[in-house]
Enquirer: 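Below you will find the structure I want to go over with you.
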Amino acid sequence: MLIKLTSQMIWEAVWAFALGPEPELVLALRMCLDDNHHSVVLACAKVIQSALSCDLNETFFEISEKIATCEKDIFTAPVFRSKPDIDAGFLHGGFWKYNAKPSNIMAFSEDIVDDEIEGKHTIQDDIAVASQDFAAGLVRMGILHKMRYLLEADPSAPLEECIISILLGIARHSLTCANAIMKCQRLVNMVIHRFTMGDNIEVRPSKIKSVRLLKVLAQSDKNNCIELIKNGFVQAMTWHLYRYTSSLDYWLKSGKEICKLSSALMVEELRLWKACIHYGCCISCFSDIFPALCLWLNPPTFTKLQENNVLGEFASVSKEAYLVLEALSRNLPNFYMQKHASNQMSDCAGDEQESWSWSFVTPMIDLALKWIASLSDPYISKIFEWEKGNRSEFVFQDSSIRSLLWVYSAVLHMLSTLLEKLIPEDALRLQGSGQHVPWLPEFVPKIGLGVVKNGFLSFIDELCHLRQHSNSETSLASVCCLHGLIRVFVSIDNLIQLAKSGVHSPPSQEYRFSGESKILEDGILKSSLVELKCVLNLFIKFVTSEWHSVHSIETFGRGGPTPGAGIGWGASGGGFGP
């Protein structure tokens, strides 16, 4: 088997060397798109899609969306990088430069009609750019206009999906290419039209990718985000979020395949909304969307999801909904200065950003604590039994654990962001100088007790075990859970200490604890020193053993690996190299 696999890899390398990507191939593909035969156009579009996308990249983008602290995707354009200083940190330092200059990607601006300038635009210039960068060469050769024309010609479902995938690959290439899509007349409008035409209830893969495309465009630049909102495109692409689903049973009645497609669409729409929220936009939509999100923010009946084999699909929407709440929490005003302020939100079209309101926070915390309490649910306990020696149905269990870990990670990071918003900005910087908060909201100890009573201190050991013995994504999900959990511990400890040092407290609130509550008074971090020491030892071991990999990445010279730019022309899963 190993010999067969090695032989296959050798032949892939031979074909990769023999086939390109030569710049003439870019020109040939662009010309094939003008063919009159549908089969030729579709075959050509599939080749371009494969070159502009890569399974490894898609996996990276998908996982990065699940990490609360990862706010923005990187671009995939091939770059040169000079040798960096190792002390500058991972993938920092050095001099970065695109293989193709951004100014060369667009031959001339669409709003400039000048025969002299246009006459200087030659095929040889296009080929020269294509030799530097495959995607840049396609854009320079006018592929965006061709994509618009094909969309206007009412393409078949397979061709439409290819077109959207090609646009998505171009949008992820660089800010220049994302802006080129935005500036191409009627192109984005046509994508929106195809999304909204016909049966709006029907969910197709092309619709899911269309929302993803809009998310990448909105995420690329704040001006692009604001333009998409002003034109009503964001609202048109997220209307499914406003649809109220009455119950879990109603959702399940639609069938497994519909559940999978509808959940995938909702996830992409939530990510589009989250991208806007990161720029301080569309926050005022929360009041209208929240009722429809309640089903996904509450823990489900897990056995029903297991019976229908859609636990992962439900969890993906729940996880994304809590990541949206985490993004909203970052836009909360100062708690002690504006506690009684009304929910006044400015228009994102101006220079000021919208802000969320603390009046929404308490219901969100109550919902999050239901998920915290679900850790002690019998079904959840059974899911984790494989860790204690019962390895039956490992694939199912590992998939279920991974899905649930991402939800718990999102919930914990949302709670920790809320708690951090309570801490005065200078409180930690001036620690030990008599800083305090005037009083403590009741939900602070409520969150602390919820975490302690539902076994999250002992859950640390299980998360460490998962980090050691699971696949890469489950390991990463367990680390994200640990990160969120420790953030919650630190924030609660800081807030309680700041409150205890305060001069006045409301008569109804006394900071005397007993039983399990004593852990809050002593400090959750102090009470979990044994568990946290094990975490520290484990991560020191991992960093030490894997540092050589980081070092090899950080010590390459000019023209080294490109961040997220694929794994080589002709490789399995698609992709091209510089």
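All values derive from a computational prediction rather than experimental measurement.
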Enquirer: List the residues meeting ring-ring contact (aromatic ring centres under 6.0 Å, His included) with W296, not counting sequence neighbours, and say none if there are none.
Expert: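 With neighbours one apart ignored, the set is W251, F314.
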Enquirer: Would you say OH of Y242 has more than 12 non-hydrogen atoms from neighbouring residues, nucleotides or ligands within 6.0 angstrom?
Expert: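 Counting other residues, nucleotides and ligands, OH of Y242 exceeds 12 neighbours.
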Enquirer: Do L252 and V310 have side chains that approach each other closer than 4.5 Å (heavy atoms only, starting at C-beta)?
Expert: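 Result yes, sub-4.5 Å side-chain heavy-atom pair found.
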Enquirer: Taking the six-membered ring of F195, is the NZ or CZ of K207 close enough (under 6.0 Å from the centre) and on axis enough (within 45°)?
Expert: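 Cation-pi check for K207 and F195: passes.
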Enquirer: Using side-chain heavy atoms (C-beta onward) and a distance below 4.5 Å, is R402 in contact with L405?
Expert: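 Side chain of R402 against side chain of L405, heavy atoms only: no contact under 4.5 Å found.
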Enquirer: May I ask you to test the K256-N308 pair for a side-chain heavy-atom distance under 4.5 Å?
Expert: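 Not touching, per the 4.5 Å side-chain cut-off.
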Enquirer: With sequence neighbours left out, what residues match E269 under salt bridge (Lys or Arg N to Asp or Glu O under 4.0 Å)?
Expert: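 If we apply the salt bridge (Lys or Arg N to Asp or Glu O under 4.0 Å) test to E269, skipping adjacent residues, there are no hits.
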Enquirer: Could you go step by step and tell me if N224 and N179 meet the side chain to side chain donor-acceptor pair (under 3.5 Å) rule?
Expert: CA-CA 8 Å; N224 289 341; N179 289 339; 2.9 Å; yes
Enquirer: Between SG of C480 and CH2 of W406, what distance do you get to the nearest 0.5 Å?
Expert: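 One finds 4.0 Å between SG of C480 and CH2 of W406.
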Enquirer: Could I get the full list of salt bridge (Lys or Arg N to Asp or Glu O under 4.0 Å) partners for K319, not counting sequence neighbours?
Expert: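 Listed in chain order: nothing, the list is empty.
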Enquirer: Which residues pass the salt bridge (Lys or Arg N to Asp or Glu O under 4.0 Å) test with D35, sequence neighbours left out?
Expert: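 Per chain and number, D35 pairs via salt bridge (Lys or Arg N to Asp or Glu O under 4.0 Å) with no residue.
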Enquirer: What residue among V139, D133, L52 forms side-chain contact (heavy atoms from CB on, under 4.5 Å) with H173?
Expert: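 Passing option: D133.
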Enquirer: Taking the side chain as C-beta and beyond, is there a heavy-atom pair between L293 and L270 under 4.5 Å?
Expert: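 The answer is yes; the side chains approach within 4.5 Å.
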Enquirer: With side chains defined as the heavy atoms from C-beta onward, is the minimum distance between I166 and I143 less than 4.5 Å?
Expert: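 Yes, their side chains come closer than 4.5 Å.
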Enquirer: Between F286 and W273, is the side-chain contact (heavy atoms from CB on, under 4.5 Å) condition met? List the steps.
Expert: CA-CA 10 Å; F286 174 79; W273 186 24; 4.2 Å; yes
Enquirer: Between T196 (side chain only) and I192 (backbone N and O only), is there a donor and an acceptor less than 3.5 Å apart?
Expert: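 Yes: the side chain of T196 pairs with the backbone of I192.
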Enquirer: With rounding to the nearest 0.5 angstrom, report the CG to CZ distance, L265 to R212.
Expert: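 Taking CG in L265 and CZ in R212, the distance rounds to 10.5 Å.
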Enquirer: Distance from N471 atom CG to L476 atom CG, nearest 0.5 Å?
Expert: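 If I round to the nearest 0.5 Å, the distance is 10.0 Å.
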Enquirer: Atom CD of residue position E62 - does it have more than 12 heavy atoms of other residues, nucleotides or ligands inside 6.0 Å?
Expert: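 Check passes, neighbour count above 12.
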Enquirer: Is there a side-chain contact between L151 and L187, using heavy atoms and a 4.5 Å cut-off?
Expert: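 Contact flag for L151/L187 side chains = yes.
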Enquirer: Verify side-chain contact (heavy atoms from CB on, under 4.5 Å) between V40 and L33, making sure each step is shown before the conclusion.
Expert: CA-CA 8 Å; V40 174; L33 286 176; over 6 Å; no
Enquirer: Quick check for you: to the nearest 0.5 Å, what is the distance between S220 atom OG and L175 atom CG?
Expert: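 Answer for the OG-CG pair, S220 versus L175, is 5.5 Å.
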Enquirer: After noting the C-alpha distance and the side-chain angles of K209 and S165, does the key distance pass the side chain to side chain donor-acceptor pair (under 3.5 Å) rule?
Expert: CA-CA 7 Å; K209 291 184 178 181; S165 297; 2.9 Å; yes
Enquirer: Could you grab the distance from atom CG of D221 to atom SG of C225, nearest 0.5 Å is fine?
Expert: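 It comes to 9.0 Å.
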Enquirer: Between E320 and K66, does any side-chain N to carboxylate O distance fall below 4.0 Å?
Expert: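 The answer is no: the pair does not qualify as a salt bridge.
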Enquirer: For residues F290 and M364, determine if any side-chain heavy atom of one lies less than 4.5 Å from a side-chain heavy atom of the other.
Expert: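 With C-beta onward as the side chain, the pair touches.
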Enquirer: The criterion is salt bridge (Lys or Arg N to Asp or Glu O under 4.0 Å); which residues satisfy it with K253, sequence neighbours excluded?
Expert: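 Residues passing salt bridge (Lys or Arg N to Asp or Glu O under 4.0 Å) with K253: none at all.
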Enquirer: If the condition is side-chain contact (heavy atoms from CB on, under 4.5 Å), which residues does S156 pass it with, not counting sequence neighbours?
Expert: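 Scan of S156 (side-chain contact (heavy atoms from CB on, under 4.5 Å), adjacent residues dropped) gives H38, P158, L159.
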Enquirer: Under 3.5 Å, side chain of N331 to main-chain N/O of A327, donor-acceptor pair present?
Expert: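 Yes, because the side chain of N331 sits within donor-acceptor range (under 3.5 Å) of the backbone of A327.
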Enquirer: Just verifying a value: how many Å separate K215 NZ and M237 CE, rounded to the nearest 0.5 Å?
Expert: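 The distance works out to 12.5 Å.
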Enquirer: Are R194 and D154 within salt-bridge range, i.e. N to O under 4.0 Å?
Expert: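 Salt bridge flag = yes for D154 with R194.
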Enquirer: Got a donor-acceptor contact below 3.5 angstrom from the S50 side chain to the V47 backbone?
Expert: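 No; judged by distance alone, with no hydrogens or angles, the pair does not exist.
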Enquirer: When you look at V216 and F61, which way does the side-chain contact (heavy atoms from CB on, under 4.5 Å) test go after all the steps?
Expert: CA-CA 11 Å; V216 173; F61 288 127; over 6 Å; no
Enquirer: Hey, does I226 have a side-chain heavy atom less than 4.5 Å from the side chain of C276?
Expert: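 Contact flag for C276/I226 side chains = no.
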Enquirer: Run the salt-bridge test on E268 and R271 with the 4.0 Å N-O cut-off and return the result as yes or no.
Expert: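 Yes, this pair counts.
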